[in-house]
Amino acid sequence: MKRIKQSFLLSIVCVLFAIISVGVLVIVSNKSNDSSNGFTRKFLLQQSLLLHHIGKPPHARFMCGSANNYIYFDTDTAGLILKTDTALGGIGLVKLVYPFNERIQSLYSTIVDSMYTYIMAGNMPKVIRFNKVESSYQSWFIPANLYSESIVIDSNNFAFRMFEKIAGKWQQVFIKVNPVNKTIAREHDVSQRNNDAGFSTDGHLLYDPGTHFIIYVEYYSNHITCMDTSLQLLYNGHTIDTIKNATVHAAFKKSPAFETITNGTPLAPVNLQSCTAEGKLYIHSHIKADNETFAVFENNAVVDVYNISTGQYLYSFYIPSRQDGHLTDFKVIRNKIIVVYKNAIAIYRLPE
Amino acid sequence: MKKLKLSIIVTLSIAGAAFSAFTPATPTFPPTGWYAQHDNTLPYETNQPVSLTDVNANCPVSTPNICAVEFDMNGAVKTIRKSLNNYP
C-alpha cells in the first residue's frame with residue numbers, strides 16, 4: 001500500500017513538473033505582441049461602418065479590381081472571375097477564354113480595370129491582357145526570369161519583382177517591361193541583397209495611379225520602398241512599428257530531382273495585406289502598438305495609413321474582425337473599404 | 001516496483017506529448033554551414049526533408065508570401081510557389 005502511495009505521489013510530482021516546464025516555455029517564448037513594441041498609433045475617432053455583407057463564394061481569393069460600379073474578385077482557378085455590384089447584390093461569374101494550363105495555374109494574379117483584364121502568370125513568365133470590349137486577348141512572354149510580384153502601370157507597362165542571378169547568387173529585383181515596344185528597364189541598387197533569393201525581403205508590390213509611384217511593402221520587416229515609374233528610388237520608408245530587420249531565414253534542400261528553397265524559420269509577419277488609394281497607402285499591420293489592448297488588437301484588423309508622396313504616417317483605424325473568420329484581403333475605393341474575410345465579403349464606410 | 005516503472009513511463013509520455021505540442025511543427029534550421037556546401041547561389045543547406053507539407057506549413061492561408069522556389073538541376077528557377085495558389 002505504501003509503495004502504491006509512493007508511486008502515485010511520484011507520478012503527481014512528475015506531472016506537475018511537466019506542467020510547470022511547459023508553462024515556463026510558454027512564458028519565455030517570443031511573443032512580440034505581449035510586450036511593449038515601442039510605438040503608439042493615432043486612431044481616428046470614427047469607426048468603420050458596415051454597409052453590406054455577404055457570404056464569400058468558396059473559391060474567391062482577392063478583390064482584383066473595380067470598374068463601372070462593379071467589383072471583381074479572382075478565384076483559385078485562373079480565368080474565372082466573380083463579379084458583383086457595389087452593394088454586393090448577387091454574384092456573377094466571368095470566364096476568360098484562353099488555353100490556361102498548369103503553369104499559369106501554379107502562380108497567377110488577376111487585375112481588372114475598366115478596359116482590360118490582366119492575368120499575370122509568374123511561373124511562365126507571361127502577361128495576358130484581355131480586351132473586355134473586343135473580347136480578344138494578347139499574351140506576351142516576358143523574356144527574363146520568373147516573377148513573384150507584378151503590377152500594371154498602364155495597359156502597356158508592367159513592373160515585376162523578378163528573380164535574377166547577380167554575382168552567382170539568386171536575388172529578386174524590380175523590372176519594368178513594355179512588351180509592345182519590347183523594352184525592359186531594371187532598377188539599380190534599389191533592392192536589398194541578402195543572398196537568400198529574396199525570401200527575407202518578400203513583400204507586396206503596389207502601384208498608386210494618383211501619384212504614379214510604385215511601392216513595395218515588405219512582409220517581415222517595417223521596410224517600404226518607393227520608386228517612380230522609371231524604377232528610380234524616391235525614398236526608403238518604414239512602417240511605424242520598430243521591426244527593422246526580418247527574422248525570417250531561408251533554407252535550402254537539394255534532392256535528386258530538383259532543388260528547393262523555402263522558409264527555414266517560423267514566419268514572423270510585420271505587415272500583412274496592403275493597398276493604395278488616392279495618394280494614401282493602407283497597411284494591415286500584425287504588430288500591436290503600446291496604446292492598444294491585446295483584446296482590441298486581437299478582435300480587429302488594424303490598418304495604418306501613410307502619405308505615399310512623403311512616406312509619413314498619418315493615422316490608423318480598425319476593420320472589425322467578424323465571425324466570418326480572419327481578414328484575407330482589403331481594398332479602398334473612394335470612401336469605402338472592401339474586405340474579404342475567410343468566409344464573407346463586406347463593405348465598410350472608410351473612417352475619416 | 002513494476003507500478004513505479006509504469007507510472008514513470010506514463011508521466012514521461014505525458015510530459016513528452018505536452019512538450020511536443022509546444023514545439024514548432026516546422027523544423028527550424030540552425031544557421032550553420034552558411035555557404036559551406038553549395039555553389040554560393042543559395043543560403044544554407046540542410047538535411048531536413050523539405051516536402052510539400054513543410055512548404056504548405058510555411059504558407060499561412062491569409063498571406064500571399066512566397067512559400068518555396070524550386071530550381072532545376074541547372075540552377076535555373078523552375079517554379080515559384082505561393083500560399084494562395086492551387087498546386088498542380
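Source: prediction; values computed, not measured. Values below: every heavy atom of this structure, side chains too, minus hydrogens, waters and symmetry copies.
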Within 45° cone and under 6.0 Å: B:Lys78 NZ/CZ vs B:Phe71 ring: no

A:Arg61 to A:Tyr108 six-membered ring, cation-pi geometry met (6.0 Å, 45°): yes

Toward chain B, the part of A:Tyr147 with a non-hydrogen atom under 4.5 Å: backbone

Under 4.5 Å from any heavy atom of chain B - which part of A:Gln172: side chain

Max heavy-atom pair count under 4.5 Å with chain B, selected residue of A:Asn145, A:Ile166, A:Asn123, A:Leu10: A:Asn123

Donor-acceptor contact below 3.5 Å, side chain A:Ser150 vs main chain A:Met120: no

Ring centroid separation A:Tyr216 to A:Phe174 under 6.0 Å: yes

